Amino acid sequence: MTFITLVRHGQTDWNLDRRIQGSTDIPLNETGRGHARDAAELLAGTTHHAIYVSPLVRAHETAQIIAGAIGLAQPELVSDLREREFGEAEGMLVADYIDRYGDWHADVPRAESFDQVAARALAALDVISLASRRRSAPTAESVIVVAHGGVIRALLDHASGGTMPPAGVPLANGSVHRFEAAPGILRLLETVTV
């Protein structure tokens, strides 16, 4: 079993504007760097063996801040942790998206479906869990994974059987979600907003 702590990246200017980022590579703002430091402070009291991250700059910078603060090696990039591709909705204001498409499960041209995001994120966690088990078998390993709201939302939805998070409730930047994982298994343990 591997303990996985999922952290949502810190705030960007597009988050502040309530604009859909998707795969658009937007950096953290100063508030976002503060979110990363706050998450690091929360994580500092526990043992972690590695840190994995989406290749997008907002997640990568968050992971670097956390790794530096708690003494982990540089984050390992995992492509399948990247945010949902929103197709023609990239860059839209959230309010305009909801007016046009209705909900986050809508079929948006050239966008990934919610189910596609969940499938690739679960596959990425399976790879991370297998790597962790090879390094530390037979003991459990604890890793940090820095990703995005859409990815974490899909994983929470999967682990909770569709009950979390509530529709329309955004995940806070810098929020921390702890899971227990093994290939094919994902169980939510705790959610903390920093």
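Because the structure is predicted, anything quoted here is derived from the model rather than measured. Scope of the values below: all heavy atoms of this structure, side chains included, with no hydrogens, waters or symmetry mates.
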Visitor: In this structure, would Leu6 and Leu28 fall into the same cluster of hydrophobic residues linked by side-chain contacts under 4.5 Å?
Guide: no

Visitor: Which pairs with one or both residues in residues 141-191 pass ring-ring contact (aromatic ring centres under 6.0 Å, His included), sequence neighbours excluded?
Guide: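 Qualifying pairs: His9-His148.
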
Visitor: Do Leu125 and Ile4 have side chains that approach each other closer than 4.5 Å (heavy atoms only, starting at C-beta)?
Guide: yes

Visitor: Which heavy-atom pair separates Ala181 from Ser129 by the least distance, and what is that distance?
Guide: O-OG, 3.5 Å

Visitor: Return the set of residues passing side chain to side chain donor-acceptor pair (under 3.5 Å) with Asp13 (not counting sequence neighbours), or none when no residue passes.
Guide: Asn29

Visitor: Quick one, Gln64 and His60 - any side-chain contact, counting heavy atoms below 4.5 Å?
Guide: yes

Visitor: Could you check if a side-chain atom of Trp104 sits within less than 4.5 angstrom of a side-chain atom of Val94, using non-hydrogen atoms only?
Guide: yes

Visitor: Mind checking what makes side chain to side chain contact (heavy atoms under 4.5 Å, CB included) contact with Glu180, not counting sequence neighbours?
Guide: Met1, Phe3, Arg187, Leu189

Visitor: For the pair Glu90 (side chain) and Phe86 (backbone), establish whether a donor and an acceptor sit closer than 3.5 Å, ignoring hydrogens and angles.
Guide: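 Flag set: sc Glu90 to bb Phe86 pair under 3.5 Å.
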
Visitor: Once you round to the nearest 0.5 Å, how far does CZ of Arg178 lie from OG1 of Thr191?
Guide: 9.5 Å

Visitor: Can you name the closest pair of heavy atoms from Ala159 and Leu188 and give their distance?
Guide: CB-N, 4.1 Å

Visitor: With sequence neighbours left out, what residues match Ala63 under side chain to side chain contact (heavy atoms under 4.5 Å, CB included)?
Guide: Ile51, Val53, Pro75, Val146

Visitor: Can you tell me how far the OG1 atom of Thr62 sits from the CG atom of Leu56, to the nearest 0.5 Å?
Guide: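 If we round to the nearest 0.5 Å, Thr62:OG1 and Leu56:CG are 11.0 Å apart.
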
Visitor: Within the structure provided, determine whether Ile66 and Leu72 are in side-chain contact (heavy-atom separation under 4.5 Å).
Guide: no

Visitor: Check whether His49 reaches the backbone of Val143 with its side chain - one donor and one acceptor, N or O, closer than 3.5 Å.
Guide: no

Visitor: Do Phe114 and Ile20 share a hydrophobic cluster (ILVMFWY, side-chain heavy atoms under 4.5 Å, transitive)?
Guide: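 No, no single cluster joins them.
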
Visitor: What is the distance from atom OG of Ser113 to atom CZ of Arg84, rounded to the nearest 0.5 Å?
Guide: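 Atom-to-atom, Ser113:OG and Arg84:CZ are 7.0 Å apart.
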
Visitor: Looking only at non-hydrogen atoms, find the nearest pair between Asp126 and Gly184 and report the distance.
Guide: OD1-N, 3.1 Å

Visitor: Quick check against the 3.5 Å criterion: does Tyr97 have a side-chain atom that pairs as donor or acceptor with the backbone of Gly102?
Guide: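 No; judged by distance alone, with no hydrogens or angles, the pair does not exist.
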
Visitor: Quick check for you: to the nearest 0.5 Å, what is the distance between Leu43 atom CG and Ile144 atom CD1?
Guide: 4.5 Å

Visitor: Over all heavy atoms of both residues, which pair between Glu85 and Ser23 is shortest? Give the atoms and the distance, please.
Guide: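 Answer, listing the atom of Glu85 first, then Ser23: OE1-OG, 3.2 Å.
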
Visitor: Got a sec: does the CD of Gln116 have more than 12 other heavy atoms crowding it under 6.0 Å?
Guide: yes

Visitor: Say whether, by atom type as modelled, one donor and one acceptor occur between the side chain of Arg18 and the main chain of Leu93 under 3.5 angstrom.
Guide: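 No; zero donor-acceptor contacts below 3.5 Å.
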
Visitor: With sequence neighbours left out, what residues match Thr46 under side chain to side chain donor-acceptor pair (under 3.5 Å)?
Guide: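 His48.
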
Visitor: Would a 4.5 Å heavy-atom cut-off, applied to side chains only, mark Pro165 and Leu156 as touching?
Guide: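 Yes, their side chains come closer than 4.5 Å.
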
Visitor: Quick check for you: to the nearest 0.5 Å, what is the distance between Asn173 atom CG and Thr193 atom OG1?
Guide: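 Between atom CG of Asn173 and atom OG1 of Thr193 there are 10.5 Å.
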
Visitor: State, to 0.1 Å, how close Trp14 and Gly91 come at their nearest heavy-atom pair, and which atoms those are.
Guide: CZ3-CA, 3.7 Å

Visitor: Rounded to the nearest 0.5 Å, what's the gap from OG1 on Thr12 to CG on Asp17? Could you check?
Guide: 8.0 Å

Visitor: If every non-hydrogen atom of Ser54 is compared with every non-hydrogen atom of Leu77, which pair is closest and at what distance?
Guide: O-CD2, 3.9 Å

Visitor: Is there a donor-acceptor contact under 3.5 Å from the side chain of Arg8 to the main chain of Leu171?
Guide: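 Answer holds: yes.
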
Visitor: Check whether Gln11 reaches the backbone of His35 with its side chain - one donor and one acceptor, N or O, closer than 3.5 Å.
Guide: no

Visitor: Side-chain heavy atoms under 4.5 angstrom apart, residues restricted to Ile, Leu, Val, Met, Phe, Trp, Tyr: same cluster for Ile98 and Tyr101?
Guide: yes

Visitor: With hydrophobic residues grouped by side-chain heavy-atom distances under 4.5 Å, do Val7 and Ile65 end up in a single group?
Guide: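 No: no chain of side-chain contacts under 4.5 Å links Val7 to Ile65.
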
Visitor: Under the side chain to side chain contact (heavy atoms under 4.5 Å, CB included) rule, collect the residues that match up with Asp80, sequence neighbours excluded.
Guide: Arg82, Arg120, Ala124

Visitor: Hey, are Glu61 and Arg33 close enough for a salt bridge, meaning a charged N less than 4.0 Å from a carboxylate O?
Guide: yes

